[in-house]
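What follows is a set of notes on a single structure, which appears directly below.
Naming convention: chains lettered A, B, ... in sequence-line order (proteins, then strands); numbering from 1 in each chain.
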Amino acid sequence: HLLQSAGLSAERLLQEDSEEDCEDGGAWVMHFTSVIHWPPCPFHGVFMFSLHDLILPNGGTPAGTSSPASSSSLLNRLQLDDDMDGETRDLFVTVDDPKKHVCTMETYITYRITTKSTRVEFDLPEYSVRRRYQDFDWLRNKLEESQPTHLIPPLPEKFVVKGVVDRFSEEFVETRRKALDKFLKRIADHPVLSFNEHFNVFLTAKDLTAYKKQGMALLTRVGESVKHVTGGYKLRSRPLEFAAIGEYLDTFALKLGTIDRIAQRIIKEEIEYLVELREYGPVYSTWSALEGELAEPLEGVSACIGNCSTALEELTDDMTEDFLPVLREYTLYSDCMKSVLKKRDQVQAEYEAKLDSVVLRKEDRPKVPVDVEKCQDRMECFNADLKADVERWQDNKRQDFRQLLMGMADRNIQYYEKPDLKQRLPRIEKQGPPARCALVFCVVLQPLRVLVLCAEVVLSWRAEPPRCPLGSHAHTPLTKTVVSPSVPVGPAVSCRQRPPGLQPE
Amino acid sequence: MEQAPPGPERPLQPAPMEPLGRPTARLEAVVGEEAEGSRGEGRGDGTVTENNFSLKKIEISVSEAEKRTGRNAMNMQETYTAYLIETRSVEHVDGQSVLTDSLWRRYSEFELLRNYLLVYYPHIVVPPLPEKRAEFVWHKLSADNMDPDFVERRRIGLENFLLRVASHPILCRDKIFYLFLTQEGNWKETVSETGFQLKADSRLKALNATFRVKNPDKRFTELKHYSDELQSVISHLLRVRARVADRLYGVYKVHGNYGRVFSEWSAIEKEMGDGLQSAGHHMDVYASSIDDILEDEEHYADQLKEYLFYAEALRAVCRKHELMQYDLEMAAQDLASKKQQCEELATGTVRTFSLKGMTTKLFGQETPEQRDARIKVLEEQISEGEQQLKSKNLEGREFVKNAWADIERFKEQKNHDLKEALISYAVMQISMCK
């Protein structure tokens with residue numbers, strides 16, 4: 001009924017969300033905004049609805065949601081986005097090719113940003129620009145300002161303790177590059193953030209500095225209004241789902257921290273083990289020099305232990321370069337999320353406070369002042385955006401962690417199938433059983449252990465088919481969201497409920 | 001009861017040695033009542049020789065270890081471990097084994113046996129005992145002699161020692177060894193009756209003495225050098241291995257911390273929950289697997305240790321040879337000088353400076369009778385000396401021949417055993433990976 005009043009056809013809405021579609025990775029999103037009239041006073045409301053799909057194995061984007069509408073810049077448009085999965089993604093961003101620039105005043109690194117897109121917002125199909133960390137920082141601040149209701153992905157750490165970490169060392173630059181690449185990709189995959197003009201300029205402008213200077217004028221009014229929300233408003237009660245998210249984040253960050261510490265400890269122990277191994281191998285060589293018949297097998301053992309050492313070293317390097325940074329990124333991400341949650345709380349608190357003050361001096365109900373309405377809009381907008389972003393974050397998290405461990409497992413498989421092992425085997429064959437066995441065991445020693453372990457973990461995840469990330473979050477009818485018992489929530493709530501035509505996942 | 005080293009007319013082929021196997025390994029040693037002619041090769045193949053006498057097969061095992069308390073030599077209460085030695089004879093025809101003897105011995109008695117063998121078979125590389133105290137330990141491994149794992153490994157080591165002695169073609173015939181296996185009480189007295197203690201002391205002294213040999217046998221010098229190097233390299237290996245084990249233990253155990261975190265994390269997750277839970281479980285399993293792994297590795301370390309101590313025994317044989325050589329040279333030198341003295345007296349010329357010469361000059365010449373008497377004494381001594389020299393030479397050659405035969409045998413054994421040890425080490429590592 002509602003939809004029909006908004007002028008949509010039923011068939012569109014009843015597009016299946018069947019199992020097959022899910023497997024094919026077909027996802028569809030429906031945006032629509034409408035003007036709902038709530039008699040007797042005009043009330044601008046925005047509501048949106050989203051339907052998520054399965055996570056795609058190739059890391060495609062989960063479907064996104066909301067449009068950045070706010071009560072002040074209401075968009076009466078109907079949008080039907082095509083599926084935004086990997087097959088029809090239309091924006092690709094890469095960060096690579098770090099270069100050092102030495103100037104009189106300072107030395108810094110720039111990275112090449114390559115963009116390929118078929119979107120109309122981009123004049124050319126391809127762009128290549130160079131940016132430095134400062135620029136990324138600027139971009140992030142701009143995004144936070146202009147999209148305050150959304151979760152902006154974190155940047156790698158800004159400050160580095162000089163003397164402890166070499167800012168120009170290969171490892172540091174590479175780790176940072178990877179993090180920056182991830183940052184831009186996350187934005188590019190976000191259905192709302194990727195359309196942000198600052199983002200566009202960042203990717204395309206030859207001279208970013210000039211644009212930065214005129215940046216102030218482009219603050220959106222939503223940004224302004226959110227900025228004006230000062231602290232001091234006390235939140236009466238946080239909606240359950242956001243409270244749950246908050247608690248979850250706290251525990252999650254704690255656990256991540258612990259895992260990070262354990263991983264570092266393991267790396268430390270493995271390095272010490274490596275030191276001993278490096279001494280262990282050569283002793284067999286020394287011994288082999290004394291012997292006649294035993295010389296070859298002993299030399300074989302020595303070589304094997306050497307291989308073990310190398311394999312182990314590669315493993316610890318991978319741990320440091322790939323595993324730890326992901327953990328750290330998610331800790332930063334949790335922090336971002338928590339600060340957004342705080343902002344949301346503030347918006348809600350302000351709304352409640354304003355509402356209370358109105359109710360108190362109210363005589364002629366139900367005339368609700370405009371600014372209170374504005375607050376309500378803001379809050380609800382925030383809630384919806386945030387929920388959607390949380391969903392996306394959860395999906396990404398699962399995705400990333402699975403990719404992480406699978407990557408590890410793959411790398412270990414590659415060690416096992418090392419081509420030079422196959423070359424070496426025929427030679428060892430001649431030396432006889434002991435050397436051959438010794439060689440096989442050593443090359444296989446480390447990687448297999450981790451391989452088996454990772455495979456176990458991965459398989460146990462895979463046994464759990466990824467279900468629709470909607471989970472229980474978005475299904476929560478908004479009646480749980482307590483705004484204020486005295487004000488009838490009315491159609492705004494019912495709008496958020498699922499239109500009767502569609503079935504739950 | 002003195003046992004002379006068996007003469008060279010008893011060439012026996014050694015029974016092939018099984019490598020230090022699993023704890024309950026039993027080796028069948030072919031023991032002959034009398035040794036004549038060659039016997040059949042192969043374990044369990046006790047054949048009737050050409051000379052037609054029956055051979056008894058004996059199985060020896062150190063099957064149990066028991067803690068005991070008793071009074072020691074100073075009448076103080078002490079705790080020690082006793083080991084049960086069981087001997088079974090297997091009748092060739094039907095292959096059934098019958099328990100013939102079973103007695104308890106403690107480590108010090110094993111030591112006594114070995115010292116006895118060292119004294120009376122100086123040309124043999126005598127099998128070593130397991131270490132007296134736990135060395136090359138890494139932190140988790142206890143250095144306590146009463147620790148059950150240590151006792152267990154020692155039990156295996158002692159069994160191995162007995163099997164090696166029993167399978168040695170020469171040592172296996174030793175009466176004292178036989179009594180060790182069969183005569184529980186009074187064995188110690190029997191040993192001391194041989195008067196070996198005196199010899200043991202003098203042997204020790206001699207081995208530790210420093211002297212220089214003029215014409216060393218190159219082979220023995222090289223061998224001594226090899227044994228020194230081997231000792232040093234194996235000790236180094238064992239030390240580093242202990243450190244490696246220590247570190248590896250650390251790595252595994254820290255992974256165990258993941259177990260708890262993953263399980264806590266799984267509690268707050270929905271879809272990821274089960275996966276994380278089982279990952280945590282696997283981490284725990286992984287962390288606890290290190291204990292068994294390292295226990296198996298200790299076994300490998302024990303095999304290396306055996307050869308570390310074997311190297312010592314090898315060195316002792318070389319030293320003994322040096323000693324004999326030195327002795328020989330001294331005797332020859334002594335003889336030469338006596339001959340010279342005699343000549344001088346006879347001819348009246350003093351070619352070399354001597355005290356006698358000086359006193360003669362100072363106090364006057366001696367009477368012809370005195371001189372003749374002295375010449376006579378010297379001539380007797382010379383002929384005695386020549387006899388001695390001859391027998392020493394013979395002894396020396398015998399020693400070299402026998403020692404070298406045993407050394408060859410030892411080399412074979414060593415190569416075979418160490419290869420097996422390395423193989424089983426490799427296999428162990430592979431199965432650990434799996």
Any heavy-atom pair between the side chains of B/E269 and A/Y248 that's under 4.5 Å?
yes
Does atom CZ of A/R265 have more than 12 heavy-atom neighbours, drawn from other residues, nucleotides or ligands, at distances under 6.0 Å?
no
Please determine whether side-chain contact (heavy atoms from CB on, under 4.5 Å) holds for the pair B/K414 and A/L294, giving the CA-CA distance in whole Å, both sets of side-chain angles, and the decisive distance to 0.1 Å.
CA-CA 9 Å; B/K414 177 201 76 175; A/L294 286 175; 4.3 Å; yes
Does B/R219, at its CZ atom, have more than 12 non-hydrogen atoms belonging to other residues, nucleotides or ligands within less than 6.0 Å?
yes
Going through the checks in order, is the side-chain contact (heavy atoms from CB on, under 4.5 Å) test met by A/E291 and B/Y226?
CA-CA 9 Å; A/E291 296 286 341; B/Y226 167 75; 2.4 Å; yes
CD (B/E229) and OG1 (A/T286) are apart, to the nearest 0.5 Å, by 9.5 Å
B/V233 versus A/V283, closest heavy-atom pair with distance
O-CG1, 3.7 Å
Could you give the distance from CG (A/L256) to CH2 (B/W265), rounded to the nearest 0.5 Å?
5.5 Å
So what's closer than 4.5 Å to chain A heavy atoms on B/L230: side chain, backbone, both or neither?
both
Is there a side-chain contact between A/E279 and B/H236, using heavy atoms and a 4.5 Å cut-off?
yes
With a 4.5 Å heavy-atom cut-off, do A/E276 and B/L248 have their side chains touching?
no
Can you say whether B/L238 sits under 4.5 Å from chain A via the side chain, the backbone, both, or neither, judging by heavy atoms?
neither
Roughly how far, to the nearest 0.5 Å, is the CG atom of B/L418 from the CG atom of A/L298?
7.5 Å
Quick one: CD on A/E293 to CD on B/E412, what's the gap to the nearest 0.5 Å?
6.5 Å
Is the shortest side-chain N to carboxylate O distance from A/E269 to B/K253 below 4.0 Å?
no
What is the distance from atom CD1 of B/I268 to atom CG of A/L249, rounded to the nearest 0.5 Å?
8.5 Å
Rounded to the nearest 0.5 angstrom, the OH-CG distance for A/Y280 and B/L237 is 5.0 Å
Could you check which of A/L254, A/L290, A/T258 has the highest count of heavy-atom pairs closer than 4.5 Å to chain B?
A/L290
